[in-house]
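Since the structure comes first, as structure tokens, the remarks are kept for the end.
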Number of protein chains: 2
Amino acid sequence: MKMTTKGRYAVTAILDVALHDSNGPVNLSDISQRQDLPLTYLEQLFSKLKKNHLVESARGPGGGYRLAQGADQITVAKVIYSVDEPIDVTRCKGKQNCQGDLRCLTHDLWMELNMHISGFLNGLTLADLINRNNVKQVSERQDVIMMQLQS
Amino acid sequence: MKMTTKGRYAVTAILDVALHDSNGPVNLSDISQRQDLPLTYLEQLFSKLKKNHLVESARGPGGGYRLAQGADQITVAKVIYSVDEPIDVTRCKGKQNCQGDLRCLTHDLWMELNMHISGFLNGLTLADLINRNNVKQVSERQDVIMMQLQS
DNA sequence: ATATACTTGACTAAAAAACTAGGTTATGTG
DNA sequence: CACATAACCTAGTTTTTTAGTCAAGTATAT
């Protein structure tokens, strides 16, 4: 399956935007510091997130990114799909040509697993995550550390 | 996530054993032909399946592998776990040290996804698969082709 | 003007996955 | 007993993917 650091980073980063964009656009350096992710890598990821209309950007001083849709409209699945190849556990990418030009013995099993995972990730939005206690706690911790670094 | 060809091959191959071991041990060359998987790679996989007591082996002519437990006792999860590292979608392997020595913002999300996938795969046995129509159909097709090749 | 910050695309090092090679050992059969 | 068969074992090698860097831009607020 396609479930890599890239997708994880993207979800973490866009969640960071969702948590902070009430004070205007969030810039990548801040995200990089807060979430401990490489800045240049984030640039790549946000380029894709923007192409997929999940974030919008503002250039220049005070610029950065904000959500292009409501946090309750952006699902975790969309974010992962934006930066990674579609999540897929089959050998044939769903084309049913896993054995010669026919379905292999376990084709349907992997398809089912795909659906299962997608179902879970489709049902989960950034708004859901923001409301979770564990996310709130970690986010507050990170904000405190940022304040200390800047003073 | 750790969901690779290796795990897929292993499930396909052991399912092949489950489907055919009523006529005595199933040898790897046959599996290799029927499922179109590299023989030497299968050897590696079955070595692990045996270590994990999912199959037992018989050497010499007429030898091969058969299930070491009932098909209703062997879950897809067990098979995958046997040949691959544990399925895990977190950055920290569940150790909560994804950011410095603390939990990252999305730690709990990935843990939850882990549970979800494991739950699905734990609830599915080889016996379940054998009873599926799509598996029966593909298996019959494969058997016919094997007969043709041998004649 | 100038500093800030986004944009783009090519490039690379490192790790993991997939697969191969070449043997050794056990065992049923004639 | 010889010999064919098939499991077993240990190292490789090759390929692919991933994660991340670098460099050279462009746009914009102040």
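Each chain gets a letter, A, B and so on, in the order the sequences are listed, and its residues count up from 1.
For the pair B/Leu45 and B/Val83, the tightest heavy-atom approach, listed with the atom from each and the gap, is O-CG1, 4.0 Å. When every heavy atom of B/Thr4 is checked against every heavy atom of B/Asp84, the shortest pair comes out as OG1-OD2, 2.7 Å.
Per the geometry, CG belonging to A/Leu39 stands 12 Å off C1' belonging to D/dG20, to the nearest Å. Computed from coordinates, the B/Lys48 NZ to D/dA7 C1' distance equals 17 Å when rounded to whole Å. When the P atom of C/dT7 is taken as reference, atom CG of A/Leu45 falls 13 Å away, rounded to whole Å. Separating the CG atom of B/Leu42 from the P atom of D/dC8 is a distance of 13 Å, rounded to the nearest angstrom. Across the protein-nucleic acid pair, A/Leu49 atom CG and C/dT8 atom C1' stand 16 Å apart, rounded to whole Å. The nearest whole Å value for the distance from the NZ atom in A/Lys51 to the P atom in C/dT7 is 10 Å. In this entry the distance linking CD of B/Glu56 with C1' of C/dA26 reads 16 Å, nearest Å. Rounded to an integer number of Å, the gap from B/Met3 CE to D/dT17 P is 16 Å.
Identified under the side-chain hydrogen bond (donor to acceptor under 3.5 Å, both in side chains) test for residues 54-78 of chain A, with sequence neighbours left out: A/Lys50-A/Ser57.
Checked by distance alone, B/Arg59 brings a side-chain donor or acceptor within 3.5 Å of a matching partner on the base of C/dT25. No hydrogens or angles were tested; on distance alone, a donor-acceptor pair under 3.5 Å links the side chain of B/Glu43 to the base of D/dC9.
Using a 4.0 Å cut-off between a side-chain N of Lys or Arg and a carboxylate O of Asp or Glu, A/Asp108 and B/Arg132 do not qualify as a salt bridge.
DNA chain C is contacted by both B/Ala58 and A/Gly64; A/Gly64 maps to the nucleotide lying nearer its 5′ end (nearest heavy atom per residue). Comparing A/Pro61 and A/Gly7, the nucleotide of DNA chain D nearest to each residue sits closer to the 5' end for A/Gly7. Residue order along DNA chain C, read from the 5' end via each residue's closest nucleotide, puts A/Gly63 first among B/Lys6 and A/Gly63.
Comparing atom distances between the A/Tyr41 side chain and each of D/dA4, D/dG20, C/dC19 picks out D/dG20 as nearest. Of all nucleotides listed (D/dA7, D/dA29, D/dT21), D/dT21 comes nearest to the side chain of A/Gln44. Counting only heavy atoms from C-beta on, B/Thr40 has its side chain closest to C/dA21 among D/dG20, C/dA21, C/dT7.
Close to C/dA5, at under 4.0 Å from its OP1 or OP2, lies no side-chain N or O of A/Tyr65. Taking only side-chain nitrogens and oxygens, B/Lys50 comes nearer than 4.0 Å to OP1 or OP2 of D/dC8. Put simply, B/Thr4 has a side-chain N or O that comes within less than 4.0 Å of OP1 or OP2 on C/dA18.
With a 4.5 Å cut-off on side-chain heavy atoms, B/Thr12 and B/Tyr9 do not count as touching. The shortest side-chain heavy-atom distance between A/Leu113 and B/Val76 does not fall under the 4.5 Å cut-off.
Between the side chains of B/His20 and B/Asp143, at least one donor N or O sits under 3.5 Å from an acceptor N or O.
Taking the ring-ring contact (aromatic ring centres under 6.0 Å, His included) definition, one finds that A/His53 meets it with nothing, sequence neighbours left out.
Within residues 12-33 of chain B, no residue has any heavy atom closer than 4.0 Å to DNA chain C.
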